[in-house]
Amino acid sequence: MTAIDPNSPVPKYFQLRAILLDLIENAELPVDAPIPSERELCAKYDLSRMTVRQGVDQLVTEGRLYRVPGKGTFVARPKIEMPLRLVSFTEDMLARGLRPGAVDLTRRTVPADARLARLFEVEAGTPIHVIERLRTADGEPMALERAHILASLAPDLLDRRLADRSLYGVLEAVYGLVFDAGDQTIDAAVADAAEAKQLHIPRGSAVLLLQRRSYSNGICAELGVSTYRADRYQIHTALGNPPSNQNNHN
């Protein structure tokens with residue numbers, strides 16, 4: 001689409017959104033490039049300023065554009081698809097050609113409270129390692145990871161260097177701990193003041209809250225609770241229409 005069709009049932013602002021999206025996806029407007037001003041868009045597509053603003057606002061809301069006060073509106077970096085499989089952050093970033101990083105925030109061993117005991121399927125008081133790290137991609141903060149590891153499976157884990165290393169890689173190489181199954185839930189949330197500061201986003205920004213249990217040989221070995229920037233991640237999954245069951249009547 002290269003022009004606005006005044007006779008189309010599709011609203012004009014949505015047609016403008018589609019035009020700008022085509023320019024972004026075809027790299028005619030690359031990342032961090034400014035888009036034409038409201039006045040230029042009005043003149044080029046014969047639209048009112050209100051219509052142009054509505055179309056641009058839509059793309060800002062979707063995270064495809066971002067505004068810099070006093071400077072204009074620019075093309076945002078494309079979002080990263082959230083992996084819906086058992087893979088470490090490090091492996092995922094490397095597969096995308098990005099440089100993974102990890103900054104240690106806190107590490108401690110705690111006795112499992114009632115909730116942790118239930119999730120790990122162990123007795124209350126069982127020692128659990130807790131490791132919190134800031135994960136980065138090409139130096140940009142992407143997520144806060146809070147890993148809970150069954151201490152009996154990796155006794156001296158807290159004494160090991162984990163900065164800029166894959167936790168899963170350390171667990172496999174040092175302790176022979178390989179995760180072969182897991183379950184994950186994803187919820188929408190907003191960043192509190194501390195999370196916003198660490199992730200370099202405004203307080204109250206949308207985030208994705210992930211909780212994942214990872215198993216090794218049928219034992220729940222890790223509980224991961226992570227906060228991901230919603231402006232940098234999206235969830236994608238393939239859908240299928242399973243064949244309907246047809247009963248044969250004899």
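Model, not experiment: these values are computed from the prediction.
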Task: L116 side, atom CG; L223 side, atom CG - distance, nearest 0.5 Å - done: 6.5 Å

- [ ] Keeping the roles fixed (side chain from R135, backbone from G101), state whether a donor-acceptor pair exists under 3.5 Å.
- [x] yes

Open item on the list: Quick check: do T185 and L209 have side-chain heavy atoms less than 4.5 Å from each other?
Closed with: no

Open item on the list: For a 4.5 angstrom cut-off between non-hydrogen side-chain atoms, does Y215 reach D183?
Closed with: yes

TODO: Report the distance from atom CZ of R160 to atom CZ of R165, rounding to the nearest 0.5 Å.
DONE: 8.0 Å

TODO: Evaluate the salt bridge (Lys or Arg N to Asp or Glu O under 4.0 Å) criterion for residues E145 and R212: first the C-alpha distance (whole Å), next the side-chain angles of each, then the deciding distance (0.1 Å), finally the verdict.
DONE: CA-CA 11 Å; E145 284 186 348; R212 177 166 69 183; over 6 Å; no

Task: Side-chain donor/acceptor of N26 to backbone N/O of E28, under 3.5 Å - done: no

Task: Non-neighbouring partners of R108 that pass side chain to side chain contact (heavy atoms under 4.5 Å, CB included), sequence neighbours left out - done: T106, V110, V130

TODO: Output yes when a side-chain donor or acceptor of R203 lies under 3.5 Å from a complementary backbone atom of A196, and no otherwise.
DONE: no

Open item on the list: So Q198 and T227, do their side chains get closer than 4.5 Å, heavy atoms only?
Closed with: no

Task: Value rounded to 0.5 Å, distance of CD in E222 from CD1 in I131 - done: 9.5 Å

Task: Short side-chain to backbone donor-acceptor contact, E172 and G169, under 3.5 Å - done: no

Open item on the list: Tell me whether L167 shares a hydrophobic cluster with L158, the cluster being built from Ile, Leu, Val, Met, Phe, Trp, Tyr side chains joined at under 4.5 Å.
Closed with: yes

Open item on the list: Nearest 0.5 Å, please: how far is CD in E195 from CG in L144?
Closed with: 6.0 Å

Open item on the list: Could you report the tightest heavy-atom contact between R17 and G55, atom names first, then the distance?
Closed with: CB-O, 4.2 Å

Task: Minimum side-chain heavy-atom gap Q211-D187 below 4.5 Å - done: no

Open item on the list: Just by distance, no angles: are the side chains of S214 and Y168 close enough, under 3.5 Å, to form a donor-acceptor pair?
Closed with: yes

Open item on the list: Could you report the tightest heavy-atom contact between T109 and H129, atom names first, then the distance?
Closed with: OG1-ND1, 2.8 Å

- [ ] Say whether V190 and I186 are linked into one hydrophobic cluster, either directly or through other cluster members, by side-chain heavy-atom distances under 4.5 angstrom.
- [x] no

- [ ] Kindly indicate, with the supporting measurements, whether the criterion side chain to side chain contact (heavy atoms under 4.5 Å, CB included) is fulfilled by F179 and L171.
- [x] CA-CA 9 Å; F179 297 126; L171 291 173; 3.9 Å; yes

Task: Side-chain heavy-atom pair H148, F120 within 4.5 angstrom cut-off - done: yes

TODO: Quick one: pull up CD1 in I35 and CZ in R64 and give me the separation to the nearest 0.5 Å.
DONE: 13.0 Å

TODO: Determine yes or no for a side-chain-to-main-chain donor-acceptor pair under 3.5 angstrom, with S216 supplying the side chain and V178 the backbone.
DONE: yes

TODO: For residues 29-47, pull every pair meeting salt bridge (charged side-chain N to carboxylate O under 4.0 Å, His left out), keeping only residues two or more places apart or in separate chains.
DONE: E38-R49, E38-R53

TODO: Quick one: closest heavy-atom pair of D5 and N7, and the distance?
DONE: OD1-N, 2.9 Å

Open item on the list: Restricting to non-hydrogen atoms, name the atom on D159 and the atom on R107 that form the minimum distance, rounded to 0.1 Å.
Closed with: N-NH1, 4.2 Å

- [ ] Go through the steps to decide whether V75 and L23 satisfy the test side chain to side chain contact (heavy atoms under 4.5 Å, CB included), and finish with yes or no.
- [x] CA-CA 10 Å; V75 178; L23 294 174; over 6 Å; no

Open item on the list: Looking at every heavy atom in both A102 and L162, which two are closest together, and how far apart are they?
Closed with: CB-O, 4.2 Å

Open item on the list: Could you walk me through whether I201 and V207 satisfy the side chain to side chain contact (heavy atoms under 4.5 Å, CB included) test, starting with their C-alpha distance in whole Å, then the side-chain angles of each, then the deciding distance to 0.1 Å, before giving a yes or no?
Closed with: CA-CA 10 Å; I201 56 177; V207 293; 4.0 Å; yes

Task: Closest non-hydrogen atom pair, A221 against L177 - done: CB-CD2, 4.1 Å

TODO: Would you please test R67 and D57 for salt bridge (Lys or Arg N to Asp or Glu O under 4.0 Å) and show each step?
DONE: CA-CA 10 Å; R67 288 192 173 97; D57 284 348; 2.4 Å; yes

Task: Y66 reachable from M142 in the ILVMFWY side-chain graph, under 4.5 Å edges - done: no

Open item on the list: What I'd like to find out is whether the side chain of T51 reaches to under 4.5 Å of the side chain of L16, using heavy atoms alone.
Closed with: no

TODO: Output yes when R229 and D231 qualify as a salt bridge under the 4.0 Å nitrogen-oxygen rule, no when they do not.
DONE: yes

Open item on the list: Quick check for you: to the nearest 0.5 Å, what is the distance between I149 atom CD1 and C220 atom SG?
Closed with: 9.5 Å

Task: Any L153 side-chain heavy atom under 4.5 Å of Y175 side chain - done: no

- [ ] Using a 4.5 Å cut-off on heavy atoms from C-beta on, say whether the side chain of V174 contacts that of L157.
- [x] no

Task: Full working for side chain to side chain contact (heavy atoms under 4.5 Å, CB included) between L134 and L199 - done: CA-CA 8 Å; L134 174 67; L199 292 173; 3.9 Å; yes

Task: Check: Q15 side chain, V10 main-chain N or O, donor-acceptor pair, under 3.5 Å - done: yes

